[in-house]
Protein chains: 2
Amino acid sequence: MPRGFSGIAALLADPTREAMLAALADGSALPAGRLAQLAGITPQSASGHLRKLLDGGVVSVWTQGRFRYFRLADERVAVALEALAGLARPRVTPAVVQDPRSAKLAAARCCYNHMAGSLGVALACALAKRAYIKIDGDAVALTRAGSRWAEEFGFAARATSVDRREVRLCLDWTERRFHLAGRFPGGVLQFLLETGHLVRQETRVLCVTPSGKLWFRGLGIEA
Amino acid sequence: MPRGFSGIAALLADPTREAMLAALADGSALPAGRLAQLAGITPQSASGHLRKLLDGGVVSVWTQGRFRYFRLADERVAVALEALAGLARPRVTPAVVQDPRSAKLAAARCCYNHMAGSLGVALACALAKRAYIKIDGDAVALTRAGSRWAEEFGFAARATSVDRREVRLCLDWTERRFHLAGRFPGGVLQFLLETGHLVRQETRVLCVTPSGKLWFRGLGIEA
DNA sequence: GGAACGTTTCACCGCGCAACGAAGCGAGCT
DNA sequence: AGCTCGCTTCGTTGCGCGGTGAAACGTTCC
């Protein structure tokens, strides 16, 4: 852990690490291999970068089996990243500060393999309200009713007690609330994409189709 | 001007540049040579660093004769620096966050060759109220009354129209208001130090003596 | 004019770090 | 058990950057 701000700045000064941190900037947790892929480097290079970021306290890690999920260590990291990003190119296009993409990203986006944004948060709330999932503290479990509901749509979902691979909470950065991550939410997203209820636009942006609006309305969500 | 935050971070990632920026963190403007001295490097090294910081928009420069005064380009730079510094060593000595030195620095400090802090701001207000100086926008001029007042204390001060070397405004970082910089405020500080109204403590901290309290009271300032 | 001074530019040296290939570790699957 | 897969560690290469000395530029003072 460095003493002054130059040590922290050195950790953020590499373009490759910037690509990784930008991918984590929305609060999502990504495994090392995917971060390597996003940054366009080999896994062993990414491993070195992530080790530095971890030692510097910029990211935290959560090991699950052979996967190691990395995320930003703290909200203050995201704040510092935004402060730095705001310093770069300060006087370029002073108007049009509101990026139209950011609005779409806040509405609905894919976070690795599941849904995030206000739509992802609404989905999590709806599933909890219908007792398809049961939230206890930061632990989430898929109920038998939720398992049956999942089978309706053709993707298997085991009603395990507390299996973080199956379903877990993920802090949504734009909403400051939790949405769902894991295999089960991943299956939901995959189902919605395959059936055309959602279409994937440019990087990570999700767009709700007319049939998707109907599907979400069935859960009490106005998309 | 870099595109992402990694470019800006690279500018802040050098310990030598950190020393320079820390010296400028209170909003003071320092010449290149003094920054080199503070950072413990040769002038030609400092010149290279300052060129990078200038190109990156981190600092701004104001040339005066053979001197080039550097300062932080923007308040947002200071905000970003604080955000980064807050990230370094987050869990070391969680108590005693309030540095007793910072309170003294906020009360009264020397900014290169003049006074800053709440005492410096109060002095600027008192001199303006007594029409010793005339503030018009960001231009400041020493009046004839101010010139006579200065001669009482033995330091020459020319009542020029608008000479930025004589007197100019300097944004006070702790007060977010302006205090005075230039030869004339420099002469005031020199006078106060020589007469024992102020004593210089550890780096940049100024302490008001009992005789100093009387002197400031004569200007309507309770130090 | 000449000298002193603050600053910048240039050329060079040396260290540090990011990238990869190869190999090793550990967990999960059959 | 053997295999696959994700990740890490080790060793190497090569580029980039910070540091200094030498020299040039511009300003100020005599």
Side-chain angles (χ1 to χ4, degrees), chain A residues 2 4 6-21 29-56 58-71 112-113 156 158 160 163-166 182-183, chain B residues 2 4 6-21 29-56 58-71 112-113 156 158 163-166 183:
Chain A
S6 61
I8 292 289
L11 292 174
L12 313 179
D14 185 77
T16 303
R17 288 196 285 267
E18 175 181 5
M20 293 178 171
L21 292 171
L30 300 178
R34 172 116 186 108
L35 288 171
Q37 175 187 350
L38 289 171
I41 53 175
T42 58
Q44 60 266 31
S45 298
S47 180
H49 286 300
L50 291 169
R51 176 179 172 78
K52 290 177 193 288
L53 293 175
L54 197 60
D55 291 344
V58 178
V59 302
S60 64
V61 70
W62 178 65
T63 302
Q64 172 59 26
R66 13 181 211 193
F67 295 88
R68 297 190 76 199
Y69 289 93
F70 291 87
R71 63 170 56 195
Y112 187 29
N113 68 341
R158 283 161 293 184
T160 60
D163 187 348
R164 288 184 61 89
R165 284 170 298 179
E166 196 62 25
R183 285 184 199 153
Chain B
S6 62
I8 292 288
L11 292 173
L12 313 179
D14 186 77
T16 304
R17 288 196 286 268
E18 176 181 5
M20 292 178 171
L21 292 172
L30 300 179
R34 172 126 188 97
L35 288 171
Q37 175 187 351
L38 289 172
I41 53 175
T42 58
Q44 58 266 31
S45 298
S47 180
H49 286 300
L50 290 169
R51 176 180 174 77
K52 290 176 194 290
L53 293 175
L54 197 60
D55 291 344
V58 178
V59 301
S60 64
V61 69
W62 180 65
T63 302
Q64 172 58 28
R66 13 181 214 194
F67 295 88
R68 296 190 78 199
Y69 290 92
F70 291 87
R71 64 170 54 194
Y112 188 30
N113 68 343
R158 284 162 291 184
D163 187 348
R164 288 184 61 88
R165 285 170 296 180
E166 197 63 25
R183 285 183 198 154

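We name chains A, B, ... by the order of the sequence lines, and we start the count at 1 in each one. None of these values were measured; they are calculated from a predicted model.
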Give the rounded distance in Å between these two atoms: CE of Met20(A) and C1' of dC7(D).
-> 12 Å

Heavy-atom check, side chain of Leu21(B) versus side chain of Val59(B), under 4.5 Å = yes

Member of Asp14(A), Leu11(A), Leu35(A) meeting the side chain to side chain contact (heavy atoms under 4.5 Å, CB included) criterion with Leu53(A) = Leu11(A)

With Thr42(A) via side-chain hydrogen bond (donor to acceptor under 3.5 Å, both in side chains) - residues at least two apart = Ser45(A)

Closest non-hydrogen atom pair, Glu18(A) against Gly4(B) = OE2-CA, 3.1 Å

Arg51(B) side chain near dT7(C) phosphate (N/O to OP1/OP2, under 4.0 Å) | no

Nearest-angstrom distance from the residue atom CG of Leu11(B) to P of dG16(D) = 17 Å

In chain order, what residues pass the side-chain hydrogen bond (donor to acceptor under 3.5 Å, both in side chains) check against Ser47(A), with sequence neighbours excluded?
-> none

Protein-nucleotides 17-24 of chain D N/O pairs under 3.5 Å:
residue, atom, partner, partner atom, Å
dG18(D), OP1, Arg17(B), NH1, 3.2
dG18(D), OP1, Arg17(B), NH2, 2.9
dG18(D), OP2, Lys52(B), NZ, 3.4
dG19(D), OP1, Thr16(B), OG1, 2.7
dG19(D), OP2, His49(B), NE2, 2.2
dT20(D), OP2, Thr42(B), N, 3.3
dT20(D), OP2, Thr42(B), OG1, 3.0
dT20(D), OP2, Ser45(B), OG, 2.8
dG21(D), N7, Gln44(B), NE2, 2.7

Arg66(B) CZ to dA3(C) C1', straight-line distance once rounded to whole Å = 11 Å

For Leu53(A) and dT8(D), give me the distance from atom CG to atom P, rounded to whole Å.
-> 12 Å

Within this structure, what is the CZ-to-P distance between Arg68(A) and dC25(C), rounded to whole angstrom?
-> 17 Å

Those residues that, when tested against Ala36(B), pass side-chain contact (heavy atoms from CB on, under 4.5 Å) (two or more places apart) = Ile41(B), Ala46(B)

Can you tell me the distance, in whole Å, between the CZ atom of Phe70(B) and the P atom of dG6(C)?
-> 15 Å

When rounded to whole Å, the CG to C1' distance for the pair Leu12(A) and dC17(C) reads 16 Å

Do Leu54(A) and Arg68(A) come close enough that some side-chain heavy atom pair is under 4.5 Å?
-> yes

Residue set satisfying side-chain contact (heavy atoms from CB on, under 4.5 Å) with Ala19(B), at least two apart, ordered chain then number -> Ala39(B)

Distance in angstrom units between Phe67(B) CZ and dA4(C) P, rounded = 17 Å

Return the angle between end axes of the helix from dG1(C)-dC30(D) to dT30(C)-dA1(D), with five pairs used per end and rounding to 10°.
-> 30°

Spell out, as yes or no, whether a donor-acceptor pair under 3.5 Å connects the side chain of Arg34(A) to the backbone of Tyr69(A).
-> no

